[in-house]
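Since the structure comes first, as structure tokens, the remarks are kept for the end.
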Amino acid sequence: MQFLADLKRTHYAGDLRAEHIGQEVVLFGWTHARRDHGGVFFVDLRDRSGLAQITFDPTVSADAAAVGDRLSREFVFGVRGKVVARESKNPNLATGEVEVVAEQAVLFNPAAVPPFHIRDDIDTNEDLRLKYRFLDLRRAPLQQALMTRSKVNQIVRNYLTDNGFIEFETPILTKATPEGARDYLVPSRVHPGQFYALPQSPQLFKQLFMVAGYDRYFQICRCFRDEDLRADRQPEFTQIDIEMSFIVPEDVFGIIEGLLKGVFEQVRGVQIPTPFLRMSYAEAMGRYGSDKPDLRFGLELQDVSDLVASSGFSVFAETVAGGGQVKAVVLPGGGLSRGRIDKLTQVVKTYGAKGLAYATADAEGAWTSPIAKFFSAEDQAALSQRLGMAAGDQALFVADKPGVVAAALGALRQTLAREQGLIDPNALAFCWVTEFPSFEWDEKEQRWFAMHHPFTSPRPEDVPLMDTDPGQVKARAYDVVLNGYELGGGSIRIHDAKVQQKMFDLLGMSAEESRQKFGFLLDALAFGTPPHGGIALGMDRLIMLLIGGDNIRDVIAFPKTTSASCMMTEAPSPVSKQQLDEVHITLKGE
RNA sequence: GGAGUCGUAGUUCAGUCGGUUAGAACGCCGGCCUGUCAAGCCGGAGGCCGCGGGUUCAAGUCCCGUCGACUCCGCCA
């Protein structure tokens, strides 16, 4: 009987249990560890399901033992044998009640000594693990992340298909877009000097599916943005992309809530309550200093601008007089040392704050604080009361422009919560953030930019404001947020060619320019476009949050480093002169 | 583009005030061992101290630059 041809795998190693005792099994896998006692010896066979202990006993099979004797770390082998109960059980192993006594074995392939230990609790530098990603991927945590990812793909497809969505593909080689993220460009060989771009998202294509009448579209698609990386951002990432016709935002919310409910139930076995909390952008920024608020803890931002406007503390008074804000976060129980506050001051400074004022209240609301001398006893009591401070509570203040106050205190809030252990690791705090401004003013370029994208519909009642006060226009846009991460975002789109043209005008795009860049869209809007809208969810972030991780590299099989390189393939890399010639490119300085 | 942290054996780290031959654990190689669980015991090999300059009688250690990894700011419609 030959392995592979006659002897097929009967089980995965990690699935063996007491119920299999007495059965003959065939296992294939890698040598995880080996414990040799001179006579009988043990080899842990590892496959994608886990480990099983193989016992090689020369008195059972000398041939099998001879094969087993050659096994070293990561050698690939197969074994046939009987499952037996162990003499001494291992409660730390899922298969710890049983072992397989080898009767026949085959060495398929030896292995070089791996550059790092292939173990679950590895502490090796990530760059080395990325260089040998195929070894890192043998580890259970990564295998589980990728298998979870596969499962989510299937749940999403089933759910959306069951709800009448149709899955389509859209081009990867497409047209460069003037707004938004930096494009990855692909030179054209056939058209010298011209370029395709990789899609930042299939935005316009999915809208055109609506124009074409397909009504409900989805795609699990790769998107590309040539911007700097973060722990939750890769240059190529995967979106669950959705678009629907004849809808209002609530329809999108319902579909997404049902989708996420199903995913968390089937993957984590938890019930998440729906509908999710809805919160305006203004409220999110005001209370949490973020458009993606982490609602797993309190520490809300509180405005004291009116109470300090006429105080003797000129930093606060002048900030308010200049149109700024003074806001505070209160840490119940306080106890932050001077050294801790210095560290937190560094945190807020990275967001542009000039400093961090602080005060500890007593039972009467009187302060112990370097700035206490600037406030009367009445002022101190009034501020303590406004902030709801009990004895010993510590307030941390930032005074600045609203944007700086929000960013600084928002980050401070997050840092404090983490350091003080205020976050329940099992909590899942979903919410929708709505009513985003349509436009933000760019000081440097002295023009309006679309906060979401230029195809986002303003609220109908705000359309006239586009002419008079663009900063006040609210968009029919929405983000779904989980634990402080933006899980996805979308909007109701413009389906009126006149409004779309108005949008391009406002963004400073001439008629010729808009026609050249988006002529096909303007054409489409003229040919019977239904009201429509949609959303895209970040698949990588979703998986990361599902497994309780904090870095999307851990849920991507072959991720890139923060400098957008692949340590394994060494991409990007130089190309030959001939390849450059074919696409009509001359390198600078050559 | 900017800030911070890190870079010493295959891996994870230590290395004092700049001073003799750069250490430990794990891994690796050899030997012993019949019930281990990352087995154990004995022995051995293994170093471009990221790279380049500088200061010094002397640099893993101090200074400057550079490369790479990570985290963050800017950026990410």
Side-chain angles (χ1 to χ4, degrees), chain A residues 32-44 46 51-60 65 72-74 84 86-93 95-96 99 101 112-132 135 177-183 200-201 203-204 223-235 237 343 346-353 404 407-408 411 414-415 436-440 442 444 448-456 475 477 486 489-491 503 507 536 538 550-551 553 560-565 567 570:
Chain A
H32 185 71
R34 178 181 150 149
R35 294 173 292 278
D36 191 344
H37 291 264
V40 67
F41 59 98
F42 306 97
V43 172
D44 289 336
R46 186 191 69 241
L51 299 178
Q53 174 165 288
I54 314 300
T55 305
F56 288 94
D57 185 340
T59 67
V60 172
S72 187
R73 214 167 282 273
E74 301 307 317
V84 303
R86 289 201 192 186
E87 285 180 25
S88 55
K89 320 257 183 248
N90 182 352
N92 300 318
L93 203 61
T95 59
E99 62 189 356
V101 179
V113 175
F116 52 85
H117 303 195
I118 295 173
R119 281 171 30 192
D120 294 355
D121 57 341
I122 198 166
D123 53 2
T124 301
N125 270 333
E126 202 179 355
D127 52 342
L128 191 74
R129 291 166 43 205
L130 288 171
K131 180 175 178 185
Y132 296 96
L135 298 180
T177 50
E179 298 230 355
R182 196 175 291 114
D183 285 317
Q200 297 175 28
S201 84
Q203 180 60 38
L204 293 173
C223 301
F224 306 86
R225 294 177 191 176
D226 187 5
E227 297 292 347
D228 287 341
L229 284 78
R230 288 286 188 282
D232 64 348
R233 259 163 46 190
Q234 284 269 309
F237 59 99
K343 286 270 166 39
Q346 291 308 310
V347 170
V348 297
K349 279 187 174 171
T350 63
Y351 295 86
V404 171
Q414 211 74 36
T415 304
F436 283 82
S438 283
F439 307 100
E440 46 190 351
D442 186 298
K444 222 162 67 193
W448 293 102
F449 271 82
M451 195 161 172
H452 194 56
H453 57 57
F455 320 107
T456 300
E486 180 193 330
S491 65
M503 174 68 71
L507 297 175
D550 58 7
N551 197 306
R553 285 190 299 276
K560 295 192 170 51
T561 68
T562 48
S563 58
S565 314
M567 301 295 280
E570 297 185 320

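Model, not experiment: these values are computed from the prediction. Convention: sequence-line order gives letters A, B, ...; per-chain numbering from 1.
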Just how far, in rounded Å, is [atom2] of [N] from [atom1] of [X]?
{"X": "A:Met451", "N": "B:rC76", "atom1": "CE", "atom2": "P", "answer": "12 Å"}
{"X": "A:Asp44", "N": "B:rG35", "atom1": "CG", "atom2": "P", "answer": "17 Å"}
{"X": "A:Arg34", "N": "B:rC33", "atom1": "CZ", "atom2": "C1'", "answer": "13 Å"}
{"X": "A:Asp121", "N": "B:rC26", "atom1": "CG", "atom2": "P", "answer": "15 Å"}
{"X": "A:Phe41", "N": "B:rU34", "atom1": "CZ", "atom2": "C1'", "answer": "12 Å"}
{"X": "A:Lys131", "N": "B:rG10", "atom1": "NZ", "atom2": "P", "answer": "12 Å"}
{"X": "A:Phe224", "N": "B:rC76", "atom1": "CZ", "atom2": "C1'", "answer": "16 Å"}
{"X": "A:Arg86", "N": "B:rU36", "atom1": "CZ", "atom2": "C1'", "answer": "9 Å"}

[X] and [Y]: which non-hydrogen atoms are nearest, and at how many Å?
{"X": "A:Gln200", "Y": "A:Ala181", "answer": "NE2-O, 2.7 Å"}
{"X": "A:Phe116", "Y": "A:Thr124", "answer": "CB-OG1, 3.5 Å"}
{"X": "A:Ala477", "Y": "A:Phe436", "answer": "O-CD1, 3.8 Å"}

* **NZ or CZ of A:Arg225 within 45° of A:Phe237 ring axis and under 6.0 Å** =>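 Output no; distance or angle outside limits.
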Heavy-atom check, side chain of [X] versus side chain of [Y], under 4.5 Å:
{"X": "A:Met503", "Y": "A:Trp448", "result": "no"}
{"X": "A:Met567", "Y": "A:Glu126", "result": "no"}
{"X": "A:Arg86", "Y": "A:Leu93", "result": "yes"}

Taking only the [atom1] atom of each, what is the distance from [N] to [M] in whole angstrom?
{"N": "B:rG47", "M": "B:rC64", "atom1": "C1'", "result": "26 Å"}
{"N": "B:rU16", "M": "B:rC33", "atom1": "C1'", "result": "42 Å"}
{"N": "B:rG18", "M": "B:rG60", "atom1": "C1'", "result": "11 Å"}
{"N": "B:rC32", "M": "B:rA22", "atom1": "P", "result": "33 Å"}
{"N": "B:rU71", "M": "B:rG30", "atom1": "C1'", "result": "45 Å"}
{"N": "B:rG10", "M": "B:rG4", "atom1": "C1'", "result": "30 Å"}
{"N": "B:rU55", "M": "B:rU8", "atom1": "C1'", "result": "22 Å"}
{"N": "B:rU66", "M": "B:rA24", "atom1": "C1'", "result": "32 Å"}

* Of A:Val40, A:Thr55, A:Val101, which meets side-chain contact (heavy atoms from CB on, under 4.5 Å) against A:Val60? ->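 The side-chain contact (heavy atoms from CB on, under 4.5 Å) with A:Val60 is passed solely by A:Val101 among A:Val40, A:Thr55, A:Val101.
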For [X], answer base if it contacts any base atom (sugar-phosphate contacts may also be present), sugar-phosphate if it contacts only those atoms, and nothing otherwise; contact means non-hydrogen atoms under 4.0 Å.
{"X": "A:Glu99", "value": "base"}
{"X": "A:Pro454", "value": "base"}
{"X": "A:Gln346", "value": "nothing"}

* Excluding sequence neighbours, so at least two apart, what forms side-chain contact (heavy atoms from CB on, under 4.5 Å) with A:Leu229? ->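 A:Leu229 satisfies side-chain contact (heavy atoms from CB on, under 4.5 Å) with A:Gln234, A:Pro235, A:Ala564 only.
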* Asked: Among all residues two or more places apart in sequence or in another chain, which pass the side-chain contact (heavy atoms from CB on, under 4.5 Å) test with A:Ser565?
  ->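 A:Thr561, A:Ser563, A:Pro572.
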Just name whichever nucleotide pairs with [N], Watson-Crick or G-U, keeping both distances under 3.5 Å, else none.
{"N": "B:rC28", "answer": "B:rG44"}
{"N": "B:rG7", "answer": "B:rC67"}
{"N": "B:rU16", "answer": "none"}
{"N": "B:rC62", "answer": "B:rG54"}
{"N": "B:rC75", "answer": "none"}

* To do: Go through the side-chain N and O atoms of A:Asp57 and A:Thr59 and say whether any donor and acceptor fall under 3.5 Å apart.
  =>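 Note: A:Asp57 and A:Thr59 side chains meet the donor-acceptor criterion.
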* Asked: Does any N or O donor sit under 3.5 Å from an N or O acceptor when you compare the side chain of A:Arg233 with the base of B:rC76?
  ->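 Such a pair exists between side chain and base.
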* Between the side-chain atoms of A:Glu87 and the base atoms of B:rU36, is any donor-acceptor pair under 3.5 Å? ->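 Answer is no: no donor-acceptor pair is held.
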* **Per-nucleotide protein contact string for nucleotides 65-73 of chain B, where B marks a base within reach and S marks sugar-phosphate only (heavy atoms under 4.0 Å, - for neither)** => ----SBSSB
* Asked: Which of parallel (below 30°), tilted (30 to 60°) and perpendicular (above 60°) describes A:Phe42 and A:His37?
  ->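 Rings of A:Phe42 and A:His37: perpendicular, as their planes differ by over 60°.
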* Working for salt bridge (charged side-chain N to carboxylate O under 4.0 Å, His left out), residues A:Arg46 and A:Asp44 -> CA-CA 6 Å; A:Arg46 186 191 69 241; A:Asp44 289 336; over 6 Å; no
* To do: Let me know, please, whether A:Phe116 or A:Val40 comes out on the 5' side of the other along RNA chain B by nearest nucleotide.
  =>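 Looking at RNA chain B, the more 5' nearest nucleotide goes with A:Phe116.
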Are any protein N/O atoms closer than 3.5 Å to N/O atoms in nucleotides 40-42 of chain B? If there are, list each pair with its distance.
none

* Mind checking what makes salt bridge (Lys or Arg N to Asp or Glu O under 4.0 Å) contact with A:Asp183, not counting sequence neighbours? ->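 Salt bridge (Lys or Arg N to Asp or Glu O under 4.0 Å) list for A:Asp183, sorted by chain: empty.
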Can you check nucleotides 27-30 of chain B for protein contacts, nitrogen or oxygen pairs under 3.5 Å, and list what you find?
residue: B:rG27; atom: O4'; partner: A:His117; partner atom: NE2; Å: 3.4
residue: B:rC28; atom: OP1; partner: A:Arg73; partner atom: NE; Å: 3.1

* Asked: What do you reckon, do A:Phe42 and the base of B:rU36 stack, with centroid distance below 5.5 Å and planes below 30°?
  ->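 Base of B:rU36: stacked against A:Phe42.
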* Where the side chain of A:Asn125 is concerned, which of B:rG10, B:rU12, B:rC37 is the nearest nucleotide? ->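 When the side chain of A:Asn125 is considered, B:rU12 is the closest of B:rG10, B:rU12, B:rC37.
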* Asked: Taking only side-chain nitrogens and oxygens of A:Arg35, does any of them come within less than 4.0 Å of OP1 or OP2 of B:rA39?
  ->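 Answer is yes, contact under 4.0 Å.
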